Amino acid sequence: MIRKSSGPIWERRRLLLEVHRVCAGYGDLQVLWEVSLHLQAGEIVAVIGANGAGKTTLLRTIAGLLRPTAGHIALAGTRLERLPPHRIVQGGVVRVPEGRKIFPRLTVLENLELGAYLPAAKRQRRQSLEWVFGLFPRLKERRRQLAGTLSGGEQQMLAIGRALMARPRLLMLDEPSLGLAPLLVQEIFAIIRDINRDGVTILLVEQHVFHALRLAHRGYVLENGRIVLEGKAEALLANEHVKTAYLGL
Amino acid sequence: MGTLLLQAILSGLLNGGVYALVSVGLTLIFGVLGIINFAHGALMMLGMYVSYWLFVLYGVDPYVSLIASALGLFGLGVLLERLLITPVLEAPEHNQLLLTLGVALVLENLALFLWSPDPRTLTVSYLDFAPMVGGVMLSPPRLIAFGVSVALTVLLYAFLHRTDVGKAIRAVSQEREGALAVGINIQRIYALAFGIGCACVGAAGTLVAPFYTIDPYVGGIFVITAFVVVVLGGMGSYFGALLAALLVGLAESVAAVFIPAAMKQIVIYVIFVLVLLLRPQGLFGPGRG
């Protein structure tokens, strides 16, 4: 078991997101059990776990689609857990949902423009577009095309680009590699690293454990709705439990 | 026979324009909220009465009270959505259906109670003439109803396709989860879409008031036609609804030349059944934004 210490004070000052002993679920079905995690500004943190471990539920709870039954969530000290989803986006926490959820009968450009729907993001629309087109040149080529006609990889790029248009402080990615060919997975992961270098903190939820931990600074292992392991990414990659349960080694 | 047919084609198209305005409201509400609004006809009836009473009591021209009935029904729609529709959005479909049907019953009976079942007519004196052109009679109120209806339908289309709020409405109808992810306030979009849908049908009510007999049940016939139009056009398709509305108007009117006029409603049901049998996704494919 790797357990984190509370860390030196200078590190805690840069705390961006704190999830503290959160319980959540759907109706009578409790999915998350006292989940705690945190992100420092500038980090890439991966949450790994099997299908049904509660990874998506965790992101949906942070995004305000589910209300925790216990615990709290704070972004740079501001409590999030009672805010409606659009206020959380406004606060700078933006999610790329599982399965992309792009708007299929709007054009690529319209999808991106809607990413900057809220007033603060709208004011920076032009610069944001340049940034996104710089990261994803293919989206620029296809900007007049209906989003539903894009390939799976391009749709994933669009979903990420749309989220970036909101100028997130924290970008939450839900299974960005889902259904993509291995080469594309590498491409997407490389771009996620670039986005992080541009100053965006990233919370990544992935089943592709090896890729995710290679990319991330730190990681958490979620099993049956509980955090069972946490630590530096390299340490998790070397961990026996992670190796046998997730890397098939 | 020739001029009779020509007359039928003309009045069919003119009716079709109004059907379009009624139908796009219905299709907007269905596309965004996933709710079939059975109160649509009752809301249209309210639009008619708004203009009727403003005319009778204050002498307001119906083409001026158009604004009042559209805005009034927009407000009523927003209120209905917030108070009654929101709580059942996650409920099973038949509950939603019962709710909108219930709203229709309440509104109709309220009208019955307040204004009696007596049929009323609103005559715009300066339009009370009917020029004949090439053996075809042109009715100015009908022409105006057609023109304004089509203009409003096109305006709504432009609003949905050209403005950020319009695109947000379409985004919600296409991918609710994605709309949440970009920070669109879904509750507000629901209320807005429902309000706009009601405003459309309220405006349609005012537009037909000068040449229709007004009574508490008058909306029913329009709304059944509108259901056929929405299904024919492809649920949730605005452009499809416009074309389908003109088609249905034409079919209904031309058929009345060949069969007894009292039976012309049958044509609508026949079209409805044929569409459901042969092309259930509608003429223009499944739900285009």
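First the proteins, then the strands, lettered A, B, ... as listed; each starts at 1. Bear in mind that the values here come from a model prediction, so they are computed numbers and not experimental data. All heavy atoms count here, side chains included; hydrogens, waters and symmetry mates do not.
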Minimum heavy-atom separation for [X] and [Y], please, with both atom names.
X	Y	answer
B/Gly178	A/Arg162	CA-NH2, 3.8 Å
A/Val94	B/Ala181	CG1-O, 3.9 Å
B/Ala171	A/Leu106	CB-CD1, 4.4 Å
B/Val182	A/Tyr117	O-CB, 4.3 Å
A/Phe103	B/Gln174	C-OE1, 3.4 Å
B/Glu177	A/Arg95	OE2-NH1, 2.9 Å

Atom group of [X] that falls short of 4.5 Å from chain B, counting heavy atoms:
X	result
A/Glu110	side chain
A/Pro104	both
A/Arg100	neither
A/Ile102	backbone
A/Leu65	side chain

Practice task
Kindly compute the distance separating CD (B/Glu175) from CG (A/Leu114), expressed to the nearest 0.5 Å.
Solution key: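 Atom-to-atom, B/Glu175:CD and A/Leu114:CG are 12.5 Å apart.
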Exercise for the section: Decide yes or no on side-chain contact (heavy atoms from CB on, under 4.5 Å) for B/Gln187 and A/His86, but give the supporting numbers first. Expected result: CA-CA 10 Å; B/Gln187 300 303 327; A/His86 65 274; over 6 Å; no
Take a 6.0 Å sphere around [atom1] of [X] and say whether it holds more than 12 heavy atoms from other residues, nucleotides or ligands.
X	atom1	value
A/Gln145	CD	yes
A/Arg125	CZ	yes
B/Ile67	CD1	no

